[in-house]
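Presented below is the structure to which this report refers.
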Protein chains: 2
Amino acid sequence: MGSTLRQIALECGVAVSTVSRALNGHPHVNEETRRLIRETAERLGYRPSAAARALRGSGTRTVGVVLPDMMNAFYARTISMVQDQLEERGHSVVMAVTNNEGRRERTGLERLIASGVDGIIVVPTPTRRPPTPEGPPLVEMNRRSSRRVDWVGYDEDEGARTLAGLLVGAGHHDIAFIGGQPSFSTTRRRLEGYRRALAEAGVEPDPRWVQLRAYSPDWGSEALRRLLALRPAPTAVCASSSELVLGLLTEARRRGLRLPSELSLVAFGKTDWYAVTDPGITTYEQPIEQVAHIAVQLLADRMAGSTADPTTVLVEGRAVERDSVAAPPTGPEPPCGTAI
Amino acid sequence: MGSTLRQIALECGVAVSTVSRALNGHPHVNEETRRLIRETAERLGYRPSAAARALRGSGTRTVGVVLPDMMNAFYARTISMVQDQLEERGHSVVMAVTNNEGRRERTGLERLIASGVDGIIVVPTPTRRPPTPEGPPLVEMNRRSSRRVDWVGYDEDEGARTLAGLLVGAGHHDIAFIGGQPSFSTTRRRLEGYRRALAEAGVEPDPRWVQLRAYSPDWGSEALRRLLALRPAPTAVCASSSELVLGLLTEARRRGLRLPSELSLVAFGKTDWYAVTDPGITTYEQPIEQVAHIAVQLLADRMAGSTADPTTVLVEGRAVERDSVAAPPTGPEPPCGTAI
DNA sequence: TTGTACGCGTTATCAC
DNA sequence: GTGATAACGCGTACAA
């Protein structure tokens with residue numbers, strides 16, 4: 001194991017360059033020699049040294065992926081899909097986690113570049129001036145920075161509008177929005193969609209309906225507490241991630257609040273357990289696999305040498321209706337929404 | 001960017017070797033020269049070439065992680081913890097996913113070794129003869145193969161015994177066990193613990209109570225269907241993963257089965273949503289972070305050159321009781337378990 | 001068709 | 001304290 005071209009050359013009684021040519025399928029090599037060389041290479045368990053190849057400038061077949069978090073179900077799915085796609089194309093994936101800190105994004109990118117990756121896929125942190133170090137091709141996924149690079153992500157705006165629209169359709173007017181960091185472009189886009197849905201329904205949104213802070217269960221709980229302390233309290237909530245739903249459901253259970261009869265809920269996020277809570281959560285599912293696929297495709301094009309202008313791809317999701325939406329409890333006009 | 005030692009040497013009017021020494025903190029370098037070199041390096045944005053270093057034999061500061069799956073919440077958590085630990089120590093993580101296929105494990109390992117990782121952490125697939133290719137230090141995590149290498153994992157046996165013990169304590173006798181692939185060492189160990197708990201309670205387990213196939217929601221549903229078709233049907237289930245619980249809950253809901261009054265449930269797995277289902281799921285939580293920490297520590301020791309005999313570390317988890325256990329519905333002796 | 005020679009960037013060794 | 005040189009493994013232009 002760990003044998004080199006030279007050992008094979010020695011074994012076969014030829015020159016190193018001949019071995020290299022034979023193994024790399026170059027044209028002008030005697031078929032007899034090639035066979036011999038192939039066999040000895042096999043026998044010796046030859047593996048080309050990635051380091052030497054990289055040094056020689058032939059690339060590393062390695063791609064860096066920079067993302068905020070891997071515990072988060074959404075990103076776990078994302079990295080999983082990206083990994084699959086890349087592995088299928090013969091690339092290894094090396095990771096960097098930012099925890100949403102610009103500093104860690106920078107060091108992560110530098111580490112990846114220094115380690116010689118051929119390309120990078122990144123979910124950017126919300127830093128002001130993204131200090132893009134020079135390096136290999138880079139594409140952005142999900143969130144968007146100010147960099148002028150290839151980008152693929154979800155139609156967050158439309159998603160929020162769809163979700164809030166479901167609530168409006170069920171007769172709600174007092175609809176709250178719980179979200180994470182307002183610095184994330186995704187958060188802002190979703191908020192925008194929520195506002196648009198309300199505007200289209202002729203509802204003037206109370207600014208206190210909007211609770212933004214962090215994509216964590218804790219904030220989900222806290223935001224619900226704040227909303228329920230309001231008078232009048234909202235009759236429905238649009239939550240911007242499954243983590244928020246987790247906290248929200250915990251808090252609801254703690255105070256004996258019944259869903260959907262006392263509070264309707266719609267949420268972003270594609271999580272298996274949305275189907276087994278009580279009630280099942282109506283959600284807007286984003287096609288993670290598709291976005292991963294496109295991100296890899298965009299990167300592959302760049303790595304193949306494309307110098308086209310930066311591309312932008314927007315992908316739409318779809319609503320999955322379960323049982324967390326009902327008519328508002330004291331609603332004056334009983335709408336066509338599903339009763340409990 | 002991408003400047004080399006030579007460029008710095010040229011710029012400073014010194015030799016390459018001096019630059020190398022200066023930058024690597026070697027002792028015999030004039031402080032004045034060192035300062036100058038450091039500055040120019042900074043100015044030119046110098047990053048040492050990992051490829052060249054690897055070629056030179058100084059390692060890559062890169063570690064490979066081989067695991068079955070990243071969608072799986074348990075492994076998503078695991079890889080996340082491992083990644084954190086390694087990044088903290090200055091290592092990059094490059095991934096390989098096996099999907100529980102021996103072939104992919106082999107190719108993954110080979111890819112990682114070829115790419116020059118300094119060490120490998122692997123959750124082995126259940127292959128008979130693990131075709132360990134020679135390579136860098138390797139430690140195994142969670143599952144255990146027949147390789148004689150460092151290993152760290154959970155006390156699955158004790159976990160299952162604890163969980164089943166909870167059911168026994170609530171008055172159950174007809175206790176089923178739903179698990180995944182019987183080829184996994186973890187599955188077998190858990191089954192063993194389950195049997196031990198029953199034996200300790202003087203219960204003769206009906207072999208049909210044991211349903212093993214796959215760690216998937218589908219199998220969770222199917223297994224529950226099979227169990228409920230039995231006469232007498234079991235009054236309690238011990239599920240071996242959160243994926244199984246997902247399917248089990250779905251099926252229970254589909255047929256209007258009420259937990260825990262009609263069926264008690266305990267499960268392995270550490271998942272946030274165990275707290276928000278109805279009822280909350282009583283579980284045996286395994287200390288993923290601790291195992292990740294130890295795995296990294298073991299590997300670090302090896303990478304530092306340790307040649308000690310293979311180490312084995314067993315880590316215990318703890319039960320987290322929620323609301324999914326009650327007395328059996330028609331139980332003759334009403335035990336002290338929590339009533340609904 | 002095959003061999004020779006060189007360079008990629010780094011570090012260790014040896015000579016000055 | 002510093003400079004020159006060799007070596008790591010590979011690919012390729014050029015010579016034979």
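By convention in this document, chain letters (A, B, ...) are assigned in the order of the sequence lines, proteins followed by strands, and residues within each chain are numbered from 1.
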Please check the phosphate of [N] (OP1 and OP2 only) for any side-chain N or O of [X] closer than 4.0 Å.
{"X": "B:Ser49", "N": "C:dT10", "answer": "no"}
{"X": "A:Arg6", "N": "D:dC8", "answer": "yes"}
{"X": "B:Arg56", "N": "D:dA7", "answer": "no"}
{"X": "B:Thr18", "N": "D:dG3", "answer": "yes"}
{"X": "A:Ser20", "N": "D:dG11", "answer": "yes"}
{"X": "B:Thr33", "N": "D:dT2", "answer": "yes"}
{"X": "A:Arg21", "N": "D:dC10", "answer": "no"}

With heavy atoms under 4.0 Å as the rule, sort [X] into base, sugar-phosphate or nothing.
{"X": "B:Ser17", "value": "base"}
{"X": "A:Leu55", "value": "base"}
{"X": "B:Val14", "value": "sugar-phosphate"}

(message) Applying the side chain to side chain donor-acceptor pair (under 3.5 Å) criterion to B:Glu105, which one of B:Asn100, B:Thr125, B:Asn99 satisfies it?
(response)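 Among B:Asn100, B:Thr125, B:Asn99, the one that satisfies the side chain to side chain donor-acceptor pair (under 3.5 Å) with B:Glu105 is B:Thr125.
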(request) Assess the side chains of A:Gln297 and A:Gln85: does a donor N or O sit below 3.5 Å from an acceptor N or O? (result)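 On atom types as modelled, these side chains do not qualify, holding no pair under 3.5 Å.
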(message) Any donor-acceptor pair under 3.5 Å linking the side-chain atoms of A:Ser92 with those of A:Arg61?
(response)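 Not at all, the side chains of A:Arg61 and A:Ser92 share no donor-acceptor pair under 3.5 Å.
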(request) To the nearest 0.5 angstrom, please state how far the OH atom of B:Tyr75 sits from the OH atom of B:Tyr215. (result)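 Separation between the atoms: 8.5 Å.
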